[in-house]
2 protein chains.
Amino acid sequence: MTSHNRTPDTEPDTQPGTKGRAVWREITDFMRNDLSDGYYQPGQALPGESQLADFYRTSRPTVRKAIAQLAAEGLLTVSHGRGTFVRHRPDRRLITIEHGNGPRADLLSPAYDLRAAGWEPVSVPSDAAREGIEHLQPLTHSCGVEAAGILGVRSSHTVVYRFAFWQHTKTRARIYLDSNTLAEHVGTLEGQGIDRHFIPDAEPVDYYAHLADKHGPLNWTTTVHAEMPTGDTIEDLRMEPTGTPVLVIRRVMLSHDGRPLEFTEIFAPADRFEATSSHDHGSSNAAADYAVLSL
Amino acid sequence: MTSHNRTPDTEPDTQPGTKGRAVWREITDFMRNDLSDGYYQPGQALPGESQLADFYRTSRPTVRKAIAQLAAEGLLTVSHGRGTFVRHRPDRRLITIEHGNGPRADLLSPAYDLRAAGWEPVSVPSDAAREGIEHLQPLTHSCGVEAAGILGVRSSHTVVYRFAFWQHTKTRARIYLDSNTLAEHVGTLEGQGIDRHFIPDAEPVDYYAHLADKHGPLNWTTTVHAEMPTGDTIEDLRMEPTGTPVLVIRRVMLSHDGRPLEFTEIFAPADRFEATSSHDHGSSNAAADYAVLSL
DNA sequence: CATCATTTGTGCGTATGTATC
DNA sequence: AGATACATACGCACAAATGAT
């Protein structure tokens, strides 16, 4: 039994279902109001589905629909066998996008000291489906449509792909990172058909220097968007089962004449991370005196 | 009748439900594979729910659950009376976050020429619930917990709030913008209790100059995160009913000693917009030679 | 450790409403 | 007007997870 017991007297407004609106939508609105009013506090358990069904004079499937909607909005967390709980307000860590002149750090380089930054590599459930392929191991393969679009090539083009899952040591929040480099810039392809194989010219640690040598001075573009997790992403990143988008941060490395050479992306649960944009104050004493959002 | 007719022969793999996994999850995976394999093309209608139920030898509610999941992942769009369709791959417009030295533009200033930038103001369904409050009209009120957290004040603090809904003239994509200014910096509060009222020192057009005079040189911080739409947001921004996050871009104006004075935010459907970070090349001839993602 | 009550998850059948073409 | 498609709502039964006893 939950600690509190709602009675119709304490409930605001009238009974739902009177108008043409669907009953479950009415209940959704009632409950959402109760949440924003603070009638239910973060972390608190809601009454059981059966109790809510009795209270709203409807059936359990209808209440479940309303709860599912609020969970999809990120307001509730439903836990099998335990109950339904009010989600805590997200407390997000910053991922900084920094542009400037100076030393660079490739997150996916073996030289990058992730532990010093508070992270550790982790294995994830979907590793089981990737027989023998280890994190950060360079993998040469045909890129998908997504990567092809970014790199400006056809989707059969060969890229060197590296990836890793990291977990923040303290918060245990997880992210996924990967890097896609056009294969022809860091090695050569020999042979045809099944015999086709890749001979690297450089090791991952030296990719940046190698590319800068051939195509520099380099340019960079960074974008941020969001999408809903699909497939194994929720388990791999240990996300809430519903109601949490994935923040996708992409950094594209361009040659001096604007051709894409490589891109690195970070996938992070949007309830635990946000991106922030800054610029290098070290190289110039004058701080920026404006920040424009252009559409 | 849809143009194609799936038969068990053309279906990959085996029948679902044999293992411990839920049937609807199995079906979700089957269908997701069919989508990524290109068996179903973007824009194409899927077979009806009853047909799918027959095909997978299950009931319509179970198929509906699978379809609902894929819609929540942003892969399908369900349309009452018409059918279920494969969503097109998102084509996103850029919202540029630009830092540098030079002239600034306040998106919510009456002086901003939105039409020249390809936008027009629109009224939205939820206007009906905001009796008499017009877009861009400065409104003095107690700020909520969200704004209070950003501005570093308590949630009863008085702020000047302005907002607007814009629609892109060509794509008809919509965004919501608002600005929250700490009231004491642009006017004075007089009286107590019900008689309490706000006397402005400056007009919205002059807010920037006014604040820069008193607190400059100003600093700026910009962040990007994502959340799921709630309440009227889906209708107001004409978003897909499910499976689309909202991208939230916030720009905080800080006094020279780091106190928040104002913040502007943009809410944009994440399937139609992405944020990109750049810096002012005009003020310095040297392009940035690196872009770091710091965690 | 086993058992039990509670709570959510899954699946089906059925009926009816409503939007679209 | 009719056919087709998705939407809503209810009832029922049983499974599975959890936490307390």
Side-chain angles (χ1 to χ4, degrees), chain A residues 1-6 15-29 31 40 44-72 76-87 234-235 240-243, chain B residues 1-6 15-31 40 44-72 76-87 234 240-243:
Chain A
M1 185 72 188
T2 51
S3 59
H4 77 288
N5 209 335
R6 298 180 78 189
Q15 287 296 322
T18 48
K19 286 171 290 186
R21 291 235 304 160
V23 175
W24 73 265
R25 287 188 194 277
E26 295 286 325
I27 297 176
T28 302
D29 288 345
M31 295 179 69
Y40 297 121
Q44 183 183 346
L46 265 59
E49 293 172 354
S50 308
Q51 283 179 60
L52 287 172
D54 289 344
F55 176 77
Y56 286 112
R57 298 167 179 278
T58 182
S59 63
R60 191 159 84 97
T62 302
V63 164
R64 276 178 65 78
K65 179 83 176 157
I67 290 173
Q69 173 61 30
L70 294 171
L76 297 178
T77 293
V78 185
S79 180
H80 190 174
R82 297 206 302 135
T84 302
F85 302 86
V86 182
R87 249 186 240 193
I234 288 179
E235 289 81 37
E240 294 278 348
T242 58
Chain B
M1 185 72 188
T2 51
S3 60
H4 77 288
N5 207 334
R6 298 179 78 187
Q15 287 296 322
T18 48
K19 285 170 291 185
R21 291 237 304 158
V23 175
W24 73 264
R25 287 188 193 276
E26 294 286 325
I27 297 176
T28 302
D29 289 345
F30 277 112
M31 295 179 69
Y40 296 121
Q44 183 182 345
L46 265 59
E49 293 172 353
S50 308
Q51 284 179 59
L52 287 171
D54 290 345
F55 176 77
Y56 286 112
R57 300 168 177 278
T58 183
S59 64
R60 195 159 85 91
T62 302
V63 164
R64 276 179 65 78
K65 179 86 175 154
I67 289 173
Q69 173 62 29
L70 294 171
L76 297 178
T77 294
V78 184
S79 182
H80 191 171
R82 297 205 305 135
T84 302
F85 303 86
V86 182
R87 253 187 235 191
I234 288 179
E240 295 279 346
T242 57

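Values reported hereafter were calculated over all heavy atoms of this structure, with side chains retained and with hydrogens, waters and symmetry mates removed. Proteins get letters first, then strands, A, B, ... in listed order; numbering begins at 1 in each.
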Peer 1: How close or far is atom P of C:dG11 from atom CD of B:Q69, stated in whole angstroms?
Peer 2: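 In whole Å, C:dG11 P lies 13 Å from B:Q69 CD.
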Peer 1: Return whichever of A:T62 or A:G81 has its heavy-atom-nearest nucleotide of DNA chain D closer to the 5' end.
Peer 2: A:T62
Peer 1: Using a heavy-atom cut-off of 4.0 Å across all strands, would you classify B:S50 as base, sugar-phosphate, or nothing?
Peer 2: nothing
Peer 1: Quick check for you: among C:dT10, C:dT7, D:dG11, whose closest atom lies nearest to any side-chain atom of A:Q51?
Peer 2: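 Closest of the options to the side chain of A:Q51: C:dT7.
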Peer 1: When B:T84 is tested against each of B:L76, B:V63, B:L70 for side chain to side chain contact (heavy atoms under 4.5 Å, CB included), which residue passes?
Peer 2: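 Per the side chain to side chain contact (heavy atoms under 4.5 Å, CB included) rule, the option paired with B:T84 is B:L76, out of B:L76, B:V63, B:L70.
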Peer 1: Spell out yes or no: do the side chain of A:R60 and the base of C:dG9 have one donor N/O and one acceptor N/O closer than 3.5 Å?
Peer 2: yes
Peer 1: How many Å lie between CD on A:E49 and C1' on D:dC14, as a whole number?
Peer 2: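 The answer, rounded to whole Å, is 15 Å.
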Peer 1: From C-beta outward on A:S59, which listed nucleotide comes closest to its side chain: D:dA9, C:dG11, C:dG9?
Peer 2: D:dA9
Peer 1: What is the separation between atom NZ on B:K65 and atom P on C:dC12, rounded to the nearest whole Å?
Peer 2: 14 Å
Peer 1: Could you report the tightest heavy-atom contact between B:T242 and B:R87, atom names first, then the distance?
Peer 2: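 Residues B:T242 and B:R87, closest heavy atoms: O-NH2, 2.6 Å.
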Peer 1: Measure the distance from CZ on B:R21 to C1' on D:dA16 and round it to the nearest whole Å.
Peer 2: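 It is 16 Å, rounded to the nearest whole Å.
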Peer 1: Side chains of B:L52 and B:I67, heavy atoms from C-beta outward: is any pair under 4.5 Å?
Peer 2: yes
Peer 1: Would you kindly give the CZ-to-C1' distance between B:F85 and C:dA19, to the nearest whole Å?
Peer 2: 12 Å
Peer 1: Roughly how many Å is it from CD1 in B:I67 to P in D:dT8, rounded to a whole number?
Peer 2: 14 Å
Peer 1: When rounded to the nearest 0.5 angstrom, what distance separates CD1 in B:I27 from CZ in B:R25?
Peer 2: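 It is 12.5 Å, given to the nearest 0.5 Å.
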Peer 1: What is the distance from atom CD of B:E26 to atom OH of B:Y56, rounded to the nearest 0.5 Å?
Peer 2: 10.5 Å
Peer 1: Roughly, in whole Å, what's the span from OH in B:Y56 to P in C:dG11?
Peer 2: 14 Å
Peer 1: Using the side-chain heavy atoms of A:A22, tell me which of these nucleotides is nearest: D:dA7, D:dA9, C:dT10.
Peer 2: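 Closest nucleotide among those given: D:dA9.
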Peer 1: Kindly say whether, by distance alone, the side chain of B:H80 makes a donor-acceptor pair under 3.5 Å with the base of D:dA7?
Peer 2: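 A donor-acceptor contact between them is absent.
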Peer 1: Just the rounded figure in Å: distance from C1' of C:dG11 to CZ of B:R57.
Peer 2: 17 Å
Peer 1: Under 4.0 Å from OP1 or OP2 of D:dA5: is there any side-chain N or O of B:S79 that close?
Peer 2: no
Peer 1: Does a nitrogen or oxygen in the side chain of B:T58 sit under 4.0 Å from OP1 or OP2 of C:dC12?
Peer 2: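 So the side-chain polar atoms of B:T58 do come within 4.0 Å of the phosphate oxygens OP1 or OP2 of C:dC12, strictly under.
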Peer 1: If you find the nucleotide of DNA chain C closest to A:V78 and the one closest to A:P61, which residue's nucleotide is nearer the 5' end?
Peer 2: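 That would be A:V78.
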Peer 1: Would you say D:dA7 has OP1 or OP2 under 4.0 Å from some side-chain N or O of A:R25?
Peer 2: no
Peer 1: Under 4.0 Å between a side-chain N/O of A:R82 and OP1 or OP2 of C:dT8, yes or no?
Peer 2: no
